[in-house]
Amino acid sequence: MADNDPVTNVLNERGMEKALDGLLSRSQDDKPFLLAYLALNDIKYVNGAFGHSSGDAVLLKVCEQLESVLRRRDKTGCLLSDEVVVLIEDCEPKQARELANSVWESLNKNPLLAGNRSCNMRRTLGLVEVEHGMSPKEASSAASRAARDASRLHKDMIIYEQDSNALQEHAEE
């Protein structure tokens with residue numbers, strides 16, 4: 001229970017950090033992995049208008065939809081009430097892009113319900129190919145930046161591969 005979010009039953013920040021740390025400590029010969037960061041940009045309005053139980057219902061629905069599309073070995077985590085992360089193991093960037101598109105379609109195909117209310121909220125997805133030597137906080141920060149960049153550029157999703165200029169700029173900052 002210490003590593004799981006009580007509302008969604010996915011990993012919490014501590015559990016996701018442990019999972020990410022475990023993958024980062026693997027040898028460099030292993031397959032790449034990616035960290036996806038899903039920002040639910042308008043959930044604070046759901047919380048304000050209908051109460052936190054409605055926001056929790058939306059968050060639970062998002063996590064259920066994610067887990068229905070993701071592979072069994074991928075891990076979903078809930079960092080805050082409006083931030084969901086996914087650890088995509090053993091996956092090349094091209095495969096991750098296809099998986100991210102499936103996630104995006106799943107999230108947009110069904111309405112997000114808060115009780116009997118349908119919520120239409122802006123979502124952005126940042127996906128980062130995690131480099132060996134990154135700390136869990138650096139990886140989370142880079143994925144969060146990718147989601148913010150997607151929002152700023154009015155895109156649904158941005159993917160930063162290991163050798164991308166944007167990821168290098170973020171590391172330098």
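Here, residue 1 is the first one in the sequence, and each next residue gets the next number. Because the structure is a prediction, the values reported are computed rather than measured.
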V58-L60 co-clustered via ILVMFWY side chain contacts under 4.5 Å | no

D90/F33 under side-chain contact (heavy atoms from CB on, under 4.5 Å): CA gap, chis, key distance, verdict = CA-CA 5 Å; D90 300 332; F33 64 97; 5.9 Å; no

Smallest heavy-atom separation, C78 atom then L59 atom, equals SG-CD2, 3.3 Å

Grab the two heavy atoms, one from A19 and one from L11, that are nearest each other, plus how far apart they are.
-> CB-CD1, 4.2 Å

Just checking, is any N or O donor in the side chain of S144 or R148 under 3.5 Å from an acceptor N or O on the other one?
-> yes

Exercise: identify the closest heavy-atom pair between P136 and E17 = CB-CG, 3.7 Å

Euclidean distance, K61 NZ relative to D56 CG, rounded to 0.5 Å = 15.5 Å

Common cluster, L127/V10, ILVMFWY with side-chain heavy-atom separation under 4.5 Å | no

Given side-chain contact (heavy atoms from CB on, under 4.5 Å), test T124 with K155 step by step and report yes or no.
-> CA-CA 7 Å; T124 54; K155 294 185 175 187; over 6 Å; no

Full working for side-chain contact (heavy atoms from CB on, under 4.5 Å) between L153 and I158 = CA-CA 9 Å; L153 297 170; I158 286 186; 3.8 Å; yes

Scanning both residues in full, the closest heavy-atom pair of L24 with S135 reads CD1-C, 3.7 Å

Partner set under side chain to side chain contact (heavy atoms under 4.5 Å, CB included) for R71, not counting sequence neighbours = R73, D74, I88, C91, L99

With sequence neighbours excluded, tell me which residues meet salt bridge (charged side-chain N to carboxylate O under 4.0 Å, His left out) with R152.
-> D149

Okay, side chain of N12, backbone of A2: is any donor-acceptor separation there less than 3.5 Å?
-> yes

Got K75 and V86 here, is their nearest side-chain heavy-atom distance under 4.5 Å?
-> no

Exercise: identify the closest heavy-atom pair between L125 and A36 = CD1-CB, 4.0 Å

Test applied, side chain to side chain contact (heavy atoms under 4.5 Å, CB included); reference residue, S140; option that passes from V128, V85, V130, L20 = L20

Could you state the interatomic distance from CE (M134) to CG (L23), rounded to the nearest 0.5 Å?
-> 13.5 Å

Going hydrophobic residue to hydrophobic residue with side-chain gaps under 4.5 angstrom, can you get from L70 over to L38?
-> yes

Determine yes or no for a side-chain-to-main-chain donor-acceptor pair under 3.5 angstrom, with S102 supplying the side chain and E98 the backbone.
-> yes

Would you kindly say whether Y37 and E83 are connected by a side-chain donor-acceptor distance under 3.5 Å?
-> yes

Please check if the side chain of S141 supplies one atom and the backbone of K137 the other of a donor-acceptor pair under 3.5 Å.
-> no

Are V7 and L40 connected in the hydrophobic side-chain network, where two residues link if heavy atoms are under 4.5 Å apart?
-> no

Counterpart residues, salt bridge (charged side-chain N to carboxylate O under 4.0 Å, His left out), relative to E13 (two or more places apart) | none

Rounded to the nearest 0.5 Å, what separation is found between the NE2 atom of H52 and the CG atom of N47?
-> 4.5 Å

Nearest non-hydrogen partners of M157 and A100, listed with the distance = SD-CB, 3.6 Å

Side chains of D5 and T8: is there a donor and an acceptor less than 3.5 Å apart?
-> yes

